[in-house]
Amino acid sequence: MDLARSLRAEARRSNERRVLVLAGDADRTRDRAAAALDAAEIPREETTVIGPDGFLDCERHEQSRASELLGRTRSAVVLDCRDELRPNALGTAVGAVDGGGLLVLLTPLLAEWPERCDSFDGTIAVPPFGVEDVTGHFRRRLVETLRAHRGIAIVSVDESGDAVEKRGLTDPPPRRPTQPPAPPEDAAFRPETYDACLTDDQVTAVRAFERLREAGNAVVVEADRGRGKSSAAGLAAANLALDGRDVLVTAPQYRSAAEVFARATALFETCDITFEGDREDAPHELRVAGDDSGSIGGRIRFAKPAAAVELPGDPDAVVVDEAAALPVRRLESLLDAPAVAFTTTVHGYEGAGRGFSVRFRDRLAESDRAVTDVTMTTPIRYADADPVEAWAFRALLLDARPPVDQLVADATPETVRYRRLTSADLLADEHLLREVFGLLVLAHYRTEPADLARLLDAPNLSVRALTASDRQSDGGHVVAVALLAREGSLDAETRATMYEGGRIRGNMVPDVLTTQLRDEDAGVPVGQRVLRIATHAAVRSRGFGSYLLDEVRAEFDDEVDWLGVGYGATPELVRFWRRNGFGTVHLSTSRNDTSGEYSAVMLDPRSKDGRALAERHAEWFLARVGAVLSDALADCDPDVVRAALRAVDGAPSLDLSDWEWRLVAGVPGGAAILDTDPAPFRALAVRHLVAPDDPDALADREERLLVRKVLQAQSWDGVTAELDFVSRRQCMRALGGTVERLTRLYGEEWVQEELDRYT
Ligand SMILES: CC(=O)SCCNC(=O)CCNC(=O)[C@H](O)C(C)(C)COP(=O)(O)OP(=O)(O)OC[C@H]1O[C@@H](n2cnc3c(N)ncnc32)[C@H](O)[C@@H]1OP(=O)(O)O
């Protein structure tokens, strides 16, 4: 295994990484892997195997648990992909290899690999499709990139011996000794802070963090993985604590914030500061001792996002690590802190998080914060030119982007082309694939490497796009894209399993309607669910999204019973779907983990069976919504509730008894009568919000009041404050006026006479 030794030597000399692919049968590839690590002089303590069994005496994880390696670095990672290749595990494995280290891939013979069905394929075979319907495009493309990229050696191992297909040596120039970044002259933090920075980017980031000393500032640091943003945040947090400040650190998991604490600890030690940690390993709180002059020591403490949004103990500054992984509403609550920093990973080996840019950026811009933006590009753990990073980004499309603005800026719905893009089309045109995937990534909170495999191989998914050509010969640039999932058409056995609570892959709409809404027949009709849709940011609100949906509808009109969608509901999005003919049939009763929003399920029926499905579910939704809003959905945004109700197809009956009408008509006598029996008030509110006889009867605030007080049963004081009434009395009077207007709109003549008794 001289080759392994040479690869390692080259990797160390250049501070880059190298990949060694060992292709062949199980026993031989394992033998060679052990020999390669020995030849490369990589000790077992610095090695991790990701695979089904431990053939080396070293740390091991299953592919499904590869994420346990996140945030750590190893000299060698061996990924055993002979039985299965989970794209996410591949991303994690590459990300864990340190500069100077080796990634060893154990694979079947490369010529056979794409065709070999593996257990990951089983996870993307969504009923009614079987694993035999899954294609091997992802693996085929991966093999091509392994062959094409620099820094990757390929050795085939079979009974006739070892054949080196590619040596992977790039003969890089020896690494120039890197100059430590120069410490800035007018720095506000201690000089040791800047000495601890490894790159100029880190110095720039720490300088930006200096602003956290003043209230009213927000700092946003964006970087690809491995650029040292958490370390920069740790150095800054230490300085803030040394000034007596209370710094709250939050992150989706402590694991990602651990680096903040590690760097802060190291800086305290370098500066000889007396401090206390709440535990030896992985401290969640570091306290700096106050000095003899009576100054108060500061602290750095960790809280999980759910606890951090309360801003316990009124911190002076909040550092949100991996902000892109948090729901927007959580991020918004954190803006109440005096000073706040958000760090986000734009492209990581685990995929890309875009929640931050998709929705939070706008909110931040609207806030009264002075925002400082920093982008970090230089890697800290390996050289800038590392060929393995270039390969991994390409193979997993981690840096896919939509076309630049100018290429689509002039597009109009009249000039774009509707295209059905098969995997073959996408693989034949790498630019098109990058644009499609890049736009889909932007539309979603979290996209992981497995999503690329699904896009290319899953039998139930298909891609439709609008493209604009800037030249006749050009394949066109993507203006809008939709990812569709075929659902339904399930056999009786699968439907019964679903109904009984068994897990069936995919089929989100049939699953919700069957499992939660107890409709065993919901999986009979066939539909296309819009899994994701996105319009290029440069041309939004010009009708492309709607045009794309029109074309999808026209294409599938004869083939499906319904078009559907399920998404984290915002008022704007609900209106978008409503305008495109989709009707609400369900609002989820728990918040979506990633978006933090309640999901809406909407249907656009295309056949008699589809209409029957949509009608019965709209009816059931109306029957239950009054009760659900006062319970599980009591904290749902009132504008989402208004939009979702307005988007129901059908008019709820307003079947009040005479006594109930008398109760409602008693409201001018005092709004507290609402508490006597809320039911008729709710019925009246739902009737109006779903199908108003006069859509202009109420102002926006009055409709919100109706939602908050009548439907969601919030307290008078809460509603008074939220809707900016000067007093509880005024709030009650406004509700009285609102109910009176509705009573006049919907009540019979005798009810009007009841009302008149008060005037
Ligand atoms: C299943 C899912 O994927 S749901 C998630 C949808 N995707 C996203 O949120 C990604 C980011 N957003 C987008 O890409 C686009 O805004 C889309 C796809 C929602 C709409 O595409 P567009 O080409 O802008 O649609 P179109 O021009 O036909 O309709 C625009 C209307 O959508 C509505 N809308 C939807 N989302 C928004 C938003 N975030 N901000 C403003 N308006 C929005 C507005 O009512 C708008 O009407 P207006 O033009 O009168 O203001």
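Counting starts at 1 for both ligands and their atoms, following the listed order. Side chains included, hydrogens not; waters and symmetry mates left out as well; all remaining heavy atoms used.
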Does only the side chain of V539 get under 4.0 Å from ligand 1, or the backbone, or both, or neither? Count heavy atoms. neither
Side chains of R361 and E366: does their closest heavy-atom pair fall under 4.5 Å?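 The answer is no, as the side chains (C-beta and beyond) never meet within the 4.5 Å cut-off.
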Looking at side-chain heavy atoms only, is the closest gap between F576 and T570 below 4.5 Å?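 Contact flag for F576/T570 side chains = no.
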If the threshold is 4.0 Å, N to carboxylate O, is there a salt bridge linking D700 and R642? yes
With a 4.0 Å cut-off on N to O distance, would you call E722 and R708 a salt bridge?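 Salt bridge: yes.
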Assess [X] for proximity to ligand 1: is some non-hydrogen atom of it under 4.0 Å away?
| X | answer |
| --- | --- |
| G543 | yes |
| L548 | no |
| R579 | yes |

Do [X] and [Y] pair up side chain to side chain, a donor and an acceptor below 3.5 Å, judged on atom types alone?
| X | Y | answer |
| --- | --- | --- |
| E322 | T343 | no |
| N88 | E448 | yes |
| K229 | T344 | no |

With respect to [X], determine whether any N or O atom, backbone or side chain, lies less than 3.5 Å from an N or O atom of ligand 1.
| X | answer |
| --- | --- |
| Y567 | no |
| R540 | yes |
| V530 | no |
| G545 | yes |
| W577 | no |

Check each atom of ligand 1 against the heavy atoms of [X] and keep those under 4.0 Å away; list them by number with element.
| X | value |
| --- | --- |
| R542 | 27 (O) |
| V565 | 1 (C) |
| R532 | 3 (O) |

Given D604 and W562, is the side chain to side chain contact (heavy atoms under 4.5 Å, CB included) satisfied, shown in steps? CA-CA 6 Å; D604 172 17; W562 52 264; over 6 Å; no
Nearest to atom 18 (C) of ligand 1 by heavy atom, D362, T535, L483: which?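 Selected option, by shortest heavy-atom distance: T535.
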To check you understand the geometry: which heavy-atom pair defines the closest contact between F621 and L645, and what is its length?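 Smallest heavy-atom distance, with atoms named: CE2-CD2, 4.1 Å.
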